[in-house]
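Everything on this sheet refers to the single structure shown next.
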Amino acid sequence: MTDDVLTHRADIAAALSPESLPVDQEPEMLSLRPEKLAEYVGQPEVVETLHIAIEAAQLRNDPLDHILFHGPPGLGKTTLAHIIANEMGGQLTVTSGPALDKRGDLLGILTHLQEGDILFVDEIHRIPKVVEEFLYPAMEDYAVDFVFDKGIHARSHRFRLKRFTLVGATTRVGLLSAPLRDRFGIFRNLDFYSEDDLVKIAGRSASLLDMPIDPDGAGELSKRSRGTPRIVNRLLKRVRDFSQVRADGQMNRQTVSAALDLEGVDEKGLTVLDRRYLETVIEFYKGGPVGIEAVAATLQEETDTLVDVVEPYLLKIGMIMRTSSGRKASQAAYRHLGFKVQDSLFSRD
Ligand code: ADP
């Protein structure tokens with residue numbers, strides 16, 4: 001093995017060390033992650049599919065099929081990868097598409113996997129094309145072909161890999177190439193959570209944080225969390241801070257409302273960025289239709305942030321519509337922001 005590959009391994013080890021974990025995966029948040037399928041709230045079809053696949057793989061003593069999860073951020077894709085590794089008794093290795101910018105990076109990770117291990121690749125649609133092609137034989141034949149040197153000195157070597165399971169997550173399944181998508185045996189879409197499910201998640205997280213929240217408070221928090229467990233957990237911590245400092249530790253509807261108003265989260269769960277997006281479409285572009293690039297330029301935000309983070313929920317609750325000629329604000333958006341619907345193009349109440 002070349003020095004090059006060895007250095008990549010050191011890089012990978014550094015990339016996977018706790019210091020570089022994203023905020024929501026830091027140890028404290030990890031403790032809020034359910035560890036077993038039975039503790040995973042909501043998404044019943046996904047849970048049932050996984051129950052069956054895991055039990056069948058265990059019965060046959062086979063590795064689990066490769067699995068692809070699709071859905072907006074914060075809905076539990078990474079959590080499911082942790083759960084799958086726990087249920088299968090394998091080690092989990094976490095990486096992401098953009099982190100795998102060289103084939104050597106992936107080779108280093110793949111050759112370290114043991115039988116039954118799980119490799120989780122977040123944002124798998126952002127894997128560079130050359131690295132992606134390297135994944136095909138790894139997924140299909142548990143082997144990788146690596147070429148050393150260049151030109152007439154080039155030598156190819158086939159590494160045999162242990163039988164592992166790839167769990168991919170993506171917010172944009174449309175950007176995944178067909179050959180990669182087709183190599184996943186299981187493909188599941190995660191949808192936004194119902195308020196009832198979010199209430200359960202809020203209750204569970206609050207008791208893990210040792211800060212019980214009353215049912216009305218949990219209801220209010222869930223209503224304002226954009227159908228997303230990660231947001232429930234994040235806002236719960238802001239409510240906890242607020243209630244400890246301003247309200248003798250009481251977590252009820254009043255303290256939840258006051259804390260979330262302070263955070264700029266309104267009664268429908270829209271954030272400052274959501275509202276700026278809608279105001280831009282309504283005021284600047286007269287309600288649309290307008291292209292996403294134009295909205296992003298006006299807001300000085302990344303297009304990807306708007307498409308991946310802001311728009312899915314606004315579409316879900318009918319605040320915007322996507323048409324062939326661009327985004328349009330709905331009447332609900334006009335009303336929510338206090339614009340008159342009839343002569344809405346011009347005035348706010
Ligand atoms: P994603 O990978 O889709 O961006 P994560 O798996 O990181 O989302 O989930 C974000 C947080 O939300 C996790 O820390 C976890 O605590 C919580 N969470 C997600 N899904 C669930 C669920 N179904 N039940 C309970 N908590 C959940």
Side-chain angles (χ1 to χ4, degrees), residues 16 18 20-51 54 67-87 92-99 118-126 166-173 176 186-211 213 218 221-222 224-240 269 304-305 307-313 316:
L16 298 179
S20 59
L21 287 174
V23 179
D24 72 294
Q25 289 172 24
E26 282 168 4
E28 192 188 4
M29 272 315 245
L30 275 181
S31 69
L32 293 183
R33 278 188 201 285
E35 292 192 347
K36 293 277 169 194
L37 263 187
E39 296 167 35
Y40 191 86
V41 179
Q43 313 285 350
E45 290 91 13
V46 179
V47 170
E48 182 65 0
T49 304
L50 291 177
H51 259 306
I54 290 171
I67 305 175
L68 180 63
F69 294 122
H70 166 238
L75 294 191
K77 300 181 289 298
T78 312
T79 305
L80 283 172
H82 281 268
I83 290 177
I84 290 167
N86 281 340
E87 299 273 359
L92 177 72
T93 300
V94 178
T95 185
S96 75
I118 309 293
L119 172 61
F120 175 64
V121 183
D122 203 3
E123 296 189 77
I124 194 161
H125 60 277
R126 292 180 62 194
L166 179 68
V167 178
T170 179
T171 48
R172 299 253 208 115
V173 80
L176 224 61
I186 299 173
F187 171 42
R188 280 283 171 257
N189 205 38
L190 299 193
D191 206 353
F192 288 108
Y193 288 66
S194 68
E195 257 170 60
D196 285 350
D197 286 340
L198 294 178
V199 164
K200 286 185 204 146
I201 293 173
R204 178 179 176 276
S205 298
S207 60
L208 286 173
L209 292 170
D210 212 13
M211 284 288 300
I213 184 165
L221 181 67
S222 303
R224 291 180 169 211
S225 293
R226 298 174 106 259
T228 308
R230 176 180 293 140
I231 300 183
V232 169
N233 286 344
R234 186 171 65 76
L235 294 180
L236 187 65
K237 291 183 174 181
R238 299 289 68 76
V239 174
R240 176 179 65 167
D304 281 356
T305 310
V307 174
D308 290 345
V309 182
V310 175
E311 288 191 330
Y313 190 67
K316 164 87 182 169

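These numbers come from the heavy atoms of this one structure, side chains and all, not from hydrogens, waters or symmetry mates. Order of appearance sets the numbers: ligands from 1, and atoms from 1 within every ligand.
Judged by distance alone, with hydrogens and angles left aside, the side-chain atoms of Ser225 form no donor-acceptor pair with the main-chain N or O of Thr228 at under 3.5 Å. Of the possible polar contacts, none joining the Glu87 side chain to the Ile83 backbone as a donor-acceptor pair under 3.5 Å is found. A distance-only check finds a donor-acceptor pair linking the side chain of Tyr193 to the backbone of Leu75 [under 3.5 Å]. With hydrogens and angles ignored, the 3.5 Å screen pairs a side-chain donor or acceptor of Ser207 with a backbone N or O of Arg204. A side-chain donor-acceptor contact under 3.5 Å links Ser222 to the backbone of Val199. Remark: side-chain polar atoms of Lys77 are paired, donor with acceptor, to backbone N or O of Pro72 under 3.5 angstrom.
Every N/O-N/O distance between Leu80 and ligand 1 stays at or above 3.5 Å. Distances between N or O atoms of Thr78 and those of ligand 1 include at least one value under 3.5 Å. By the 3.5 Å distance cut-off applied to N or O atoms, Gly74 is counted among the residues near ligand 1.
When each atom of ligand 1 is checked for a heavy atom of Pro34 under 4.0 Å away, the hits are 24 (N), 25 (C), 26 (N). Of all the atoms in ligand 1, the ones that sit under 4.0 Å from a non-hydrogen atom of Pro73 are 4 (O). The atoms of ligand 1 that sit less than 4.0 Å from any heavy atom of Asn233 are 12 (O), 15 (C), 16 (O), 17 (C). Using a 4.0 Å cut-off to heavy atoms of Leu32, the atoms of ligand 1 that qualify are 16 (O).
Nearest to atom 10 (C) of ligand 1 by heavy-atom distance, out of His82, Lys77, Arg230, is Arg230. Of all the listed residues (Thr79, Leu190, Leu75, Thr171), Thr79 holds the heavy atom that lies closest to atom 6 (O) of ligand 1.
Counted by atom type alone, Thr170 and His125 present one or more donor-acceptor pairs between their side chains at under 3.5 Å. A donor-acceptor pair shorter than 3.5 Å cannot be found between the side chains of Ser96 and Arg126.
Between Gly42 and ligand 1 there is no heavy-atom distance shorter than 4.0 Å. The shortest heavy-atom distance from Phe69 to ligand 1 is not under 4.0 Å. Residue contact check for ligand 1: Ala169 places no non-hydrogen atom closer than 4.0 Å to it.
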